[in-house]
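So the structure is just underneath, and the comments pick up after that.
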Protein chains: 2
Amino acid sequence: MNVSEAILRTLLANGVEVCFGNPGTSEMHLVASFDRVGGMRPVLGLFEGVCTGAADGYARMADKPAATLLHLAPGLGNGFANLHNAWRGQSRMVNLVGDHATYHRQYDAPLQSDIHGVAKPFSAWIGDPASGAEAVSMTAEAVSVAMRPNGGIATLVVPADISWSDAGALPEVKSAPPAAAKVDARAIKSAAEALRAPGQKVLFVGGRAGRAAPLHIAGAIAAKTGAKLVSETFVPRQERGRGRARPERLAYLGEMALAQLQGTKSAVLVGAKAPVAFFAYPEKPSTFIPKDCRVETPWTSQHDVTEVLAALADELSVDTKAYEPPVAQAMAMKDGPLTGETLGLAFAALLPENAIVVDEAITGGLWAGIASEGAAPHDWLTLTGGAIGDGIPMAVGAKVACPGRPVIGLQADGSALYTIQGLWTAARENLHIVTILLNNRSYQILNMELDRVGATAQSDRSRSLLALDKPTIDFTSIAKGFGVTAQRATTAEEFRNAFKRSLAGEGPQLIEAIIQG
Amino acid sequence: MNVSEAILRTLLANGVEVCFGNPGTSEMHLVASFDRVGGMRPVLGLFEGVCTGAADGYARMADKPAATLLHLAPGLGNGFANLHNAWRGQSRMVNLVGDHATYHRQYDAPLQSDIHGVAKPFSAWIGDPASGAEAVSMTAEAVSVAMRPNGGIATLVVPADISWSDAGALPEVKSAPPAAAKVDARAIKSAAEALRAPGQKVLFVGGRAGRAAPLHIAGAIAAKTGAKLVSETFVPRQERGRGRARPERLAYLGEMALAQLQGTKSAVLVGAKAPVAFFAYPEKPSTFIPKDCRVETPWTSQHDVTEVLAALADELSVDTKAYEPPVAQAMAMKDGPLTGETLGLAFAALLPENAIVVDEAITGGLWAGIASEGAAPHDWLTLTGGAIGDGIPMAVGAKVACPGRPVIGLQADGSALYTIQGLWTAARENLHIVTILLNNRSYQILNMELDRVGATAQSDRSRSLLALDKPTIDFTSIAKGFGVTAQRATTAEEFRNAFKRSLAGEGPQLIEAIIQG
């Protein structure tokens, strides 16, 4: 048995069962080990950002890490943007980054670069073993880091000579997931006091507090104390729809976010840090919580959100079992031209029970989010790190994690184009994912941002950097090229029919929704 | 005038005229400045790797930097692989990386990350200005770094608040390109002595020594001294074809490279370091020059290759003007199935005069390279850093730099898929680039490497990570989706006709060459 096989066996022994890979020469022994060690599912991405985004989507749904298999620093670099999103989304992940043989590093061969430098921004842990035994024990450690209470990205460098060396009698190594820190009783008391105080109060939730169980507790606490339940703008995974607690989503636009939190006297934060502006704008504040607001942080990244919320509910004598979240009004569909509104209404009305929605629709998807608050129960995955291009890969990962659940992508045109290759992986793995591609033929959000930062375009030269026209992009043709069944919709009715057909179909499906106005 | 405009004016004053960009909110003031300051050509890439690869191709042909415009660390990360290739290819480049406003950095907003960490591996210089005045002077310094004798990648961080601040009366700043170090007379004498010594000799050239003028001198020196003229495997830009000096290309396969250099007693290196194996393989050496060989390095990265070679020719009393490179035999075309051989022969026979060939064909393109040695004079650009996915973007950059010259891409299927979005930029800019897409439906090189590293695939599980089938990818459909005229060829005759039609056509053209065996 060589070390590659021992690494693989260790991953399997610690519950890692899927590897999203884009290997090169330095990873060939790891590739070959997939044959000799059964049980690991290799999934090929044509570009590393597909692999890292898929691992992110997988982790959000499975709540355990997938492995990625990447080729030296450039391969890791290609995966950077979605590793950034995964890090911001508190995901679990184990990256295996193949490297040159240890004795070959001194020669500065063409692909040599600084793997640690690239990995550091998003990695909670980096391992660079000097021996086969260390590679195997570090593999176990990597999984343990990924299983920290609020996630972690572990990056293990695997030099080629270590991967092909004899593992001798090295057994696989098991590691235990680290326990969460004990709930801080004093912080809970203080938070409870803040929620009992008079004046406007906010219970602000994010991260893992978006899951149904903790969110239900948070909803019950808010109902009892009169606090407003607000969620961060981009929750990694929110369980929502009928029967679920309904936080008010903090607006992306700073002006609106400020208005939402204006007058707040007490804020309790669970699962997320205090909200800040996504970007700075001239003459506008960077933070939203009023300066005179009391801020309580009973949760830290070492804590389990559910334990913290349960302790807070106890302290406040909240009967969480009796709590029934308010029901959102279902909204009727509308005929006519296909707009963000008519698409969103049809999407919500037809959304199947227990669906997973991957939302990277940016400006075009606001209506879909609002309209589906009263839809059948579903999960909602968002762009947590702002690095566009995670939607198509995340849908792949979510479907691999949950093959029995419907997976639907709400995908903007601009962001789709960063990792469009992910469509092929969906076809290769025969994943029934319905991608709704909202084609408005521009980086619509940037046209808006251009005005918001106080810059103005006076000619076609700057607008040309923000428009996706000349030529328009034919996503139907591209999707077919990658082996995905695709159709185009230009009216609300066409969209409804296409959505029904796609939901009833097999394998990956794409609807190119040509959005007006 | 704001600082964005002053930065742009400084770039223009120092000869930077093209900006390959993929901007986000933090770069909106730079975007708006394109309108207010005339003269800069903005070129949109749908993915940052397209921008950095295009800037690389532009620099190789224009021998001056283009700017890139990228969005914080994730945008820079997406551009990493082609920045790596550009660095390894000694290219010139100025990256403008927008960042959060300086006062906003403390809040750790979602897109915040470590720009310096990502930039360090490939950057010769990183600037992070604290004021508008510094931003402008650093812009000039960045161009100066890029204009170093053997290239340089300069990365300038541009915080949003600095970009939108008032530049007052800041003039643009001009910088002078740094001069090359004086030729080292002692090193030249020693190198000449090595080339006069008895026994087998090699003049090893790479980097900028691939350009016609220095290569001609090198050819003349080799002819006079009886040294074998050998080039590195991946030259950033080699001027070749009829009338050009013809170095023997060092083989990618270590076994063959060893054989090429076996018995060498003296080696003189100009424009490149001593060659090393691309990867390490079990029981095989990492370096190729024999241990007992005398190695002379009259060139360092501070020197100009042409000055070094001219001094060496002088020292050896070589009459470079009288030198006539040996003529390569032209090779006849063949009919039959479309293979690497029949495609390569047709490519070489039909190659137009003064063409720029961007070669990322990997295994499929070996014949095209061999057959075109005797073809019409042309430039040959290769994958210098081993990070696949530079072909399509480099062709875009080369055509922007040299609009009057034919540009032809030899593009493998696997590597095309990393930056396939670059096809759209070619359509948007209406660039007449002929992309020959060699579709063999696999990462053929990895199938070879799997065996070479001594690993063997025993089941479909590992082969599935190396094959591009199930489903096969329809590049014709994808290219059309991006607005590129596309056709498919499956025989040698079909390919010839398609190549002729594409060369005679307008705008971007793609030929999907289905390669047999």
Side-chain angles (χ1 to χ4, degrees), chain A residues 21 23 25-26 28-29 31-32 34-35 42 44 46-47 73-74 77-78 80-81 84 88 100-101 104 107 109-111 113-114 117 120-121 160 164 276 278-280 282 286 385-387 417-418 421 427-428 449-450 453 455-459 461-462 464-465 470-471 474 477-478 480-481 483, chain B residues 21 23 25-26 28-29 31-32 34-35 42 44 46-47 73-74 77-78 80-81 84 88 100-101 104 107 109-111 113-114 117 120-121 160 164 276 278-280 282 286 385-387 417-418 421 427-428 449-450 453 455-459 461-462 464-465 470-471 474 477-478 480-481 483:
Chain A
T25 300
S26 36
M28 283 299 112
H29 283 272
V31 167
F34 284 108
D35 288 332
L44 174 61
L46 299 176
F47 168 72
N78 276 338
F80 186 92
H84 174 88
R88 290 293 186 183
H100 284 305
H104 196 65
Y107 298 110
L111 272 162
S113 183
D114 178 8
K120 211 174 147 211
W164 74 53
V276 301
F278 216 83
F279 295 104
S286 288
L417 289 160
Y418 289 71
Q421 308 92 332
R428 161 65 82 87
E449 294 285 22
L450 185 71
V453 299
T456 34
Q458 293 158 328
S459 80
R461 207 177 280 146
S462 60
S464 79
L465 284 169
K470 301 179 194 169
D474 180 346
S477 186
I478 293 171
K480 286 178 179 167
Chain B
T25 300
S26 37
M28 283 300 111
H29 283 272
V31 167
F34 284 108
D35 288 333
L44 174 61
L46 300 176
F47 168 70
N78 276 339
F80 186 92
H84 174 88
R88 290 294 186 182
H100 284 305
H104 196 66
Y107 299 111
L111 272 162
S113 184
D114 179 8
K120 210 174 148 212
W164 73 54
V276 301
F278 216 85
F279 295 105
S286 288
L417 290 161
Y418 289 72
Q421 308 92 333
R428 160 66 79 89
E449 294 284 23
L450 185 72
V453 299
T456 35
Q458 293 159 328
S459 80
R461 205 176 283 145
S462 60
S464 78
L465 284 169
K470 301 178 194 171
D474 180 345
S477 185
I478 292 171
K480 287 178 180 167

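Within every chain, numbering begins at 1; the chains are lettered A, B, ... in the order of the sequence lines, protein sequences first and strands thereafter.
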Verify side chain to side chain contact (heavy atoms under 4.5 Å, CB included) between B/F34 and A/S464, making sure each step is shown before the conclusion. CA-CA 10 Å; B/F34 284 108; A/S464 79; over 6 Å; no
Could you walk me through whether A/H29 and B/V453 pass the side chain to side chain contact (heavy atoms under 4.5 Å, CB included) test, one step at a time? CA-CA 8 Å; A/H29 283 272; B/V453 299; 3.5 Å; yes
B/H100 NE2 to A/F278 CZ distance, which is reported to the nearest 0.5 Å: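 The distance works out to 7.5 Å.
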Atom CG in A/N78, atom NE2 in B/H84: separation rounded to 0.5 Å?
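Taking CG in A/N78 and NE2 in B/H84, the distance rounds to 11.0 Å.
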Please state whether the side chain, the backbone, both or neither of [X] comes within less than 4.5 Å of a heavy atom of chain A.
| X | value |
| --- | --- |
| B/F47 | both |
| B/A160 | neither |
| B/K470 | both |
| B/R428 | both |

Here the pair of heavy atoms bringing B/G481 nearest to A/I478 is CA-CG1, 3.7 Å
Between B/D35 and A/R461 the two heavy atoms that sit nearest each other are OD1-CB, 3.4 Å
Chain A interface, residue from [options] that has the most non-hydrogen pairs under 4.5 Å:
| options | value |
| --- | --- |
| B/G386, B/A280, B/G77, B/A387 | B/A280 |
| B/E449, B/R88, B/K480 | B/R88 |
| B/A81, B/G21, B/S286 | B/S286 |
| B/V276, B/L44, B/V31, B/L111 | B/L111 |
| B/P42, B/P282, B/S113 | B/P282 |

Assert top hit (heavy-atom pairs under 4.5 Å, partner chain B, pool A/A109, A/P23, A/G483, A/S26) equals A/A109
Highest number of heavy-atom pairs under 4.5 Å with chain B among A/Y107, A/F80, A/Y418 belongs to A/Y418
